[in-house]
Protein chains: 2
Amino acid sequence: MSYARVMPRSSTREATGRGRSAPEDGGATARRTHAGGRRAGQSGTRDAVLIAARQSFARQGYAGTTIRAIASTAGVDPALVLHFFGSKDALFATCLAFPQDVADTVPRILAGPARTVGERLTRFYFELWERPETGQPLRAMFRSVASNEDAARMAHEFIGSHLVARAAEASNYDRVDLRLTLAGGQLAGVMYARHIVAVAPLATMSLDDLVRHVAPSVQRYLTGTLP
Amino acid sequence: MSYARVMPRSSTREATGRGRSAPEDGGATARRTHAGGRRAGQSGTRDAVLIAARQSFARQGYAGTTIRAIASTAGVDPALVLHFFGSKDALFATCLAFPQDVADTVPRILAGPARTVGERLTRFYFELWERPETGQPLRAMFRSVASNEDAARMAHEFIGSHLVARAAEASNYDRVDLRLTLAGGQLAGVMYARHIVAVAPLATMSLDDLVRHVAPSVQRYLTGTLP
DNA sequence: CGCATAACTCAACAACCGTTGACCTCAACA
DNA sequence: TGTTGAGGTCAACGGTTGTTGAGTTATGCG
């Protein structure tokens, strides 16, 4: 990570305009006439690569992950990975792309009944870590934020200006930013201890028990009186 | 990190016996007669390398750190780094070596008056992160545990069989392991948010304020009734 | 002084990295 | 059916990596 420029903030690739394709996907692309040619995204290979990438980023972090390893577990050529995503950085950014429904759910939880908000937020967050399809990206994000300054900046930005801001307008707590970051620190730390360090008994106890232990703290951060 | 064997569990180097020196230091080495020759560890270079290594591991994680970068900021040749520490893995292990006084202090805090144990433990831990000379190794450990499975195993071992065990015999709480890991998760998470993600206002508020906010939760984990 | 030993440098090794461009193979439409 | 564009492979590039061995310089003791 010194000879590879990190995070294509405004990609040199696109600026010069002579890089490889890296199809934008985008879903809502105006789908112009398209006179013939094979259809994009029909074979599941792109998704297979993405899954392999997430897994590797989750286990090894950014610098520890290699394009070749991703390609190998996906069963394709390394060049195909770049063909799909343009660069390692772009792949990484794609892997970190936070599921939109998380940003939607947190404000909705905060808008619910205040009496049980701690328990509901705690359970929602812990279950995200437990389910493989959401837990893996989360682990990836967590590890990468710890080992990559650009990832930390991205997380900072996402949490600060996206998640907290939307939560603030959906609820009527005072000092939402303080309350939410305190709660977030609490929740993330417990998941770090359970899923990454894997320290007993945090790693071995049931999710329900864990929620019972932690939820009161979260409740206090969200609805308790502040010093 | 695939062509370099990770963590010299029983070092091939020592097994074959024909690697480079990597002076064991060890402090208590029987210091045999020593008839002439330059004395070891007189120039501060070894420490300079260690400081540079800690800094790099703290910022870049294991895979993101290169011997050459360490050598460069220490102002020496890359080969000298290996001369001192034997391998990148051994250097890494040396950097992670936890200051012994931390393992000493936690049991002492737990043995103190139960009424204020949460506040004392919280303040002690947070101040560790604040002071540069202890904060840097902690950040290094935190990042490395997140990005390196062997580091996670080391942390797991240290916390499980060292810290918790010693705390258990020094105090008389019930289910110390559960209480201590819950408290630890809480504390680590807040420091993660403050020092690594640097999310406001956790990152900007004073240490005293932070202790005021978090200490009650820690107190509850340590002395509260368990579900 | 002269020997022994540690500190330290230098150049090179093989392995592996991200990335590239040329090339081939399919699937879908005109 | 021929054309078109996406899926996919291949070999190679320049550069960086951890590690090594041989060699040089500095330092302390007899």
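Residue numbering restarts at 1 for every chain, and letters A, B, ... go by the order of the sequence lines.
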Between [atom2] on [N] and [atom1] on [X], what's the gap in Å once rounded to a whole number?
| X | N | atom1 | atom2 | value |
| --- | --- | --- | --- | --- |
| B:Asp89 | D:dT17 | CG | C1' | 13 Å |
| B:Phe85 | D:dT19 | CZ | P | 14 Å |
| B:His83 | D:dT19 | NE2 | P | 16 Å |
| B:Phe92 | D:dG18 | CZ | P | 13 Å |
| A:Ile67 | D:dG8 | CD1 | P | 16 Å |
| A:Asp77 | C:dG21 | CG | C1' | 13 Å |
| B:Leu80 | D:dG18 | CG | C1' | 15 Å |
| A:Leu82 | D:dA12 | CG | P | 19 Å |

A:Val76 side-chain proximity, nearest of D:dT17, D:dT9, C:dT19: D:dT9

Among C:dA7, C:dC17, D:dT19, the nucleotide that comes nearest once only the side chain of B:Phe84 is considered: C:dA7

Write down the atom of [X], the atom of [Y], and the distance for their closest heavy-atom approach.
| X | Y | result |
| --- | --- | --- |
| A:Arg194 | A:Leu202 | NH1-O, 2.8 Å |
| A:Tyr62 | A:Lys88 | O-NZ, 3.1 Å |
| A:Thr73 | A:Ala52 | OG1-CB, 3.1 Å |

Phosphate OP1/OP2 of C:dA7: any B:Thr45 side-chain N/O under 4.0 Å: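 False: B:Thr45 side-chain N/O out of range (4.0 Å or more) of C:dA7 OP1/OP2.
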
Whether A:Trp129 and A:Phe142 hold their rings parallel, tilted or perpendicular, with breakpoints at 30° and 60°: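 Taking A:Phe142 first and then A:Trp129, their aromatic rings stand perpendicular (interplane angle over 60°).
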
Pairing partner (Watson-Crick or G-U wobble, both distances under 3.5 angstrom) of C:dA30: D:dT1

Any donor-acceptor N/O pair under 3.5 Å between C:dG18 base and A:Arg68 side chain: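 When only heavy-atom distances are counted, A:Arg68 does reach the base of C:dG18 through a donor-acceptor pair under 3.5 Å.
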
